[in-house]
Amino acid sequence: MSWTINSAREMYSIDQWGQDYFNINEQGEVVVNLSDDNGVVTPVSLSKIVQDQDERGRPVPLLLRFRNLLDRRIEALNQAFLQAIDKANYQGEYRGVYPIKVNQQQQVIEEISDFGGKYHYGLEAGSKPELLIALAHLKDPEALLICNGYKDNEFIDLALKASQTGQRIVLVVEMPSEVDAILDRAEALGIKPMLGIRFRLSAKSEGHWAESGGDRSTFGLNTAQLIDAIDRLRERGALEQLQLFHYHQGSQLPNIRVIREACLEAVRVYVNLVKEGAPMGILDMGGGLAIDYDGSQTNFISSCNYGLKEYATDLVEIVQNACDAAGISHPTLVTESGRAVVAHYSVLAFNVLDVTDFKEHEVPEAPAADAPQMLRYLWEIQNRVSPEKPHLLQECFNDALFYRDQIRSLFTNGVVDLRTRAQGEKIYWYTITKIAEVLPQLNEVPEDLATLESNLISFYYANFSVFQSLPDQWAIDQLFPIMPLQRLDEEPSQQAILADITCDCDGKVDQFIDVKGAKRHLPIHRPKLGENYLIGAFLVGAYQETLGDLHNLLGDPHVVSVAVEDGEVIYTNEVEGDTVADVLSYVEYEPKTIEKQFRAIAEKAVQKEKITAKQRRDLMDSFRATLNGYTYYEQD
Ligand SMILES: *Cc1c(COP(=O)(O)O)cnc(C)c1O
């Protein structure tokens with residue numbers, strides 16, 4: 001069957017993880033579908049964006065941000081709950097809050113409070129910096145500002161005082177000592193804040209963050225502590241301020257069954273708190289709403305076996321049933337969904353710098369008649385590889401391996417020279433490639449040969465840092481959709497793993513999404529001579545930016561926000577990536593001092609007549625250009 005862009009859609013599962021946000025156009029390029037203020041959708045080619053930015057002096061690696069996708073995610077989440085509530089005739093409301101830690105960028109927070117305004121979308125802060133961000137951005141008095149995390153007096157005081165502005169600020173008790181800490185400050189200031197309490201569910205969690213919930217999680221009160229806290233609140237006459245019950249199972253929960261179980265347990269506790277005499281009114285079910293990164297719709301860790309609609313419907317139904325049975329009113333539902341709201345927002349684009357290919361298609365030079373015997377034997381093997389003689393393949397493979405190793409040990413023992421060894425390896429790879437190409441024509445592949453393809457996977461050297469831009473890929477084997485941005489109307493001829501430009505052997509991507517689990521290589525084209533071959537890493541809007549680090553002192557990439565207006569692409573919020581001077585200053589070098597030190601060294605070289613004064617000037621120009629340049633590989 002001939003290759004079409006539909007074959008590419010299927011190969012990279014773009015319809016599944018990309019939904020209607022990303023697609024492939026007739027020219028074989030990946031596009032993002034952006035809608036303007038009137039809802040008119042324009043597909044924009046990502047490679048075109050990269051080219052436009054390159055011309056403006058911002059080369060790859062380049063982080064693309066799409067405000068419109070963020071808006072659509074906010075809308076999708078809120079609509080899912082509104083519809084579920086409407087359908088079930090649920091009597092409470094939905095008031096989502098966005099957990100700032102998931103992506104703290106100013107543009108994200110601004111969009112949450114502006115665009116989210118119509119849904120009274122709120123913010124969740126887990127630290128003092130995040131509290132400041134939330135206070136400065138929330139304008140809607142209906143929206144919630146939920147304070148999680150460990151709180152010192154400074155944090156507590158600010159939250160208390162700010163609550164007097166009329167903002168609905170909830171201080172959530174995260175650990176037993178916080179009951180008194182908060183009440184002491186509240187009494188001192190004469191303020192009666194809205195209080196919440198975080199509970200440690202016993203329901204088991206799943207996925208990467210399974211430990212975030214359950215008996216051994218570090219956050220929240222266990223059952224005995226919860227009862228103590230209730231008693232303490234009552235004793236101090238503050239039980240009437242307890243309005244919110246909170247739990248958080250962890251992020252990227254792949255299995256809806258686990259989410260439902262936790263909700264069931266939580267709503268029971270909620271009902272009991274009402275029975276204890278607390279006013280309550282708000283049930284905060286935390287984050288965890290997952291993204292289907294690999295498009296498989298399974299309970300695999302990089303996927304999820306449910307959608308937004310099912311998530312909302314299930315939670316509404318569970319809470320409704322439990323409250324109806326207990327005869328209490330339906331609470332306001334809160335989720336702290338972060339990943340599901342911001343993942344689509346960013347895409348990292350980078351280019352391929354070089355390729356190490358193991359496949360050898362070119363017929364190697366035949367060994368001369370007087371060449372070492374092992375080399376001549378090796379040469380004969382490749383002649384025997386043919387689809388007509390499948391029974392010989394296994395033997396050919398064994399022999400090729402044997403003679404190659406023989407030649408290697410002859411080299412080690414000083415019998416043959418480096419050139420001979422190189423010729424041997426060339427013939428070896430040529431033979432293996434030939435065998436690999438015959439395999440698909442066989443009905444049955446011998447077991448030993450089944451893994452042969454994996455020996456032929458190419459290394460593609462890619463201009464980015466896994467540690468800086470995809471830290472979760474490195475740290476917890478989280479998979480992101482990664483695919484070429486162009487030539488998708490052409491069948492990829494290679495299988496590759498991506499090596500980044502850090503000098504760390506962990507700096508690579510060798511696990512890729514697949515609907516059947518993960519696969520070890522990415523189907524990819526061979527870059528053409530002079531082509532700026534581009535790859536995109538998608539759904540990187542959640543967690544990756546600030547978790548990333550400065551390994552090898554590779555800094556932040558350039559950033560651009562892309563939108564459409566009247567069918568035209570517009571670029572806003574262009575942020576320069578780190579310069580070399582920037583990253584040096586992060587590790588406490590003073591760029592001016594470094595330059596001065598090196599100038600002295602150069603001057604000494606002039607005095608010793610190793611270089612001329614003119615050469616010194618030239619050298620210092622290069623030094624300064626590097627200091628002010630990009631930390632990534634720059635194409636001339
Ligand atoms: C991290 C965190 C979240 C966000 O979780 P997601 O899985 O990104 O939705 C929500 N609530 C709390 C308390 C968190 O710590």
Side-chain angles (χ1 to χ4, degrees), residues 70 73-74 76-78 80-81 94-105 108-109 112 116 121-127 129-131 133-134 144-151 170-175 178 196-201 205-214 217-221 244-256 258-259 262-263 266 282-293 301-304 306-308 311-312 315 333-346 471-472 476 478 480 539-547:
L70 180 57
R73 295 301 296 171
I74 295 171
L77 174 70
N78 282 279
F81 273 97
Y94 173 72
R95 286 279 186 274
V97 297
Y98 170 74
I100 296 175
K101 76 155 193 273
V102 184
N103 186 329
Q104 308 92 334
Q105 296 296 325
V108 172
I109 305 303
I112 298 277
Y121 202 35
L123 291 168
E124 184 260 4
S127 65
E130 291 181 359
L131 175 62
I133 292 173
L144 289 165
L145 196 175
I146 295 182
C147 302
N148 288 333
Y150 299 131
K151 296 172 270 298
V170 187
L171 284 94
V172 178
V173 173
E174 290 259 2
M175 51 182 176
E178 276 187 353
I197 217 154
R198 178 162 175 177
F199 184 61
R200 203 181 296 180
L201 295 177
S205 201
E206 261 181 27
H208 279 307
W209 289 270
E211 300 287 306
S212 309
S217 84
T218 50
F219 291 97
L221 309 188
L244 177 145
F245 177 71
H246 169 49
Y247 68 94
H248 172 65
Q249 279 180 282
S251 202
Q252 184 65 18
L253 301 168
N255 192 347
I256 189 71
V258 171
I259 294 172
C263 181
I282 307 172
L283 177 58
D284 174 358
M285 300 172 283
L289 175 55
I291 285 283
D292 190 5
Y293 289 97
I301 45 176
S302 294
S303 182
C304 51
Y306 58 93
L308 251 178
Y311 177 79
L315 293 182
L333 298 177
V334 172
T335 68
E336 303 179 345
S337 310
R339 179 188 300 278
V341 173
V342 287
H344 297 78
Y345 171 64
S346 322
D472 280 345
I476 54 171
Q478 150 94 54
F480 295 94
L539 309 186
V540 299
Y543 297 102
Q544 304 314 294
E545 275 193 60
T546 36
L547 273 182

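Just so you know, ligand 1 is whichever comes first in the structure, and atom 1 is the first atom listed for that ligand. Predicted model only: the values in this text are computed from it and were never measured. Heavy-atom basis, side chains included; hydrogens, waters and symmetry copies ignored.
Using modelled atom types, no side-chain atom of Gln478 and backbone atom of Ile476 make a donor-acceptor pair closer than 3.5 Å.
There is a side-chain donor-acceptor pair under 3.5 Å between Asn148 and Glu336. For the residue pair Thr335/Tyr94, the side-chain donor-acceptor check at 3.5 Å is satisfied.
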Can you list every pair where an N/O of ligand 1 is under 3.5 Å from an N/O on the protein?
{"unit_1": "ligand 1", "atom_1": "5 (O)", "unit_2": "Tyr543", "atom_2": "OH", "d": "3.4"}
{"unit_1": "ligand 1", "atom_1": "7 (O)", "unit_2": "Ser251", "atom_2": "OG", "d": "2.5"}
{"unit_1": "ligand 1", "atom_1": "7 (O)", "unit_2": "Gly288", "atom_2": "N", "d": "3.0"}
{"unit_1": "ligand 1", "atom_1": "8 (O)", "unit_2": "Arg339", "atom_2": "N", "d": "2.9"}
{"unit_1": "ligand 1", "atom_1": "8 (O)", "unit_2": "Tyr543", "atom_2": "OH", "d": "2.6"}
{"unit_1": "ligand 1", "atom_1": "9 (O)", "unit_2": "Gly288", "atom_2": "N", "d": "3.2"}
{"unit_1": "ligand 1", "atom_1": "9 (O)", "unit_2": "Glu336", "atom_2": "O", "d": "3.4"}
{"unit_1": "ligand 1", "atom_1": "9 (O)", "unit_2": "Gly338", "atom_2": "N", "d": "2.7"}
{"unit_1": "ligand 1", "atom_1": "11 (N)", "unit_2": "Glu336", "atom_2": "OE1", "d": "2.5"}
{"unit_1": "ligand 1", "atom_1": "15 (O)", "unit_2": "Lys101", "atom_2": "NZ", "d": "2.6"}

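Between Tyr150 and Phe219, the ring planes lie parallel to each other; the angle is under 30°, not in the 30° to 60° tilted range.
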Handout entry: Check against side-chain contact (heavy atoms from CB on, under 4.5 Å), Leu289 and Leu253
Key = CA-CA 6 Å; Leu289 175 55; Leu253 301 168; over 6 Å; no

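Taking the centre of each ring, Tyr121 and Tyr98 stay at or above the 6.0 Å mark.
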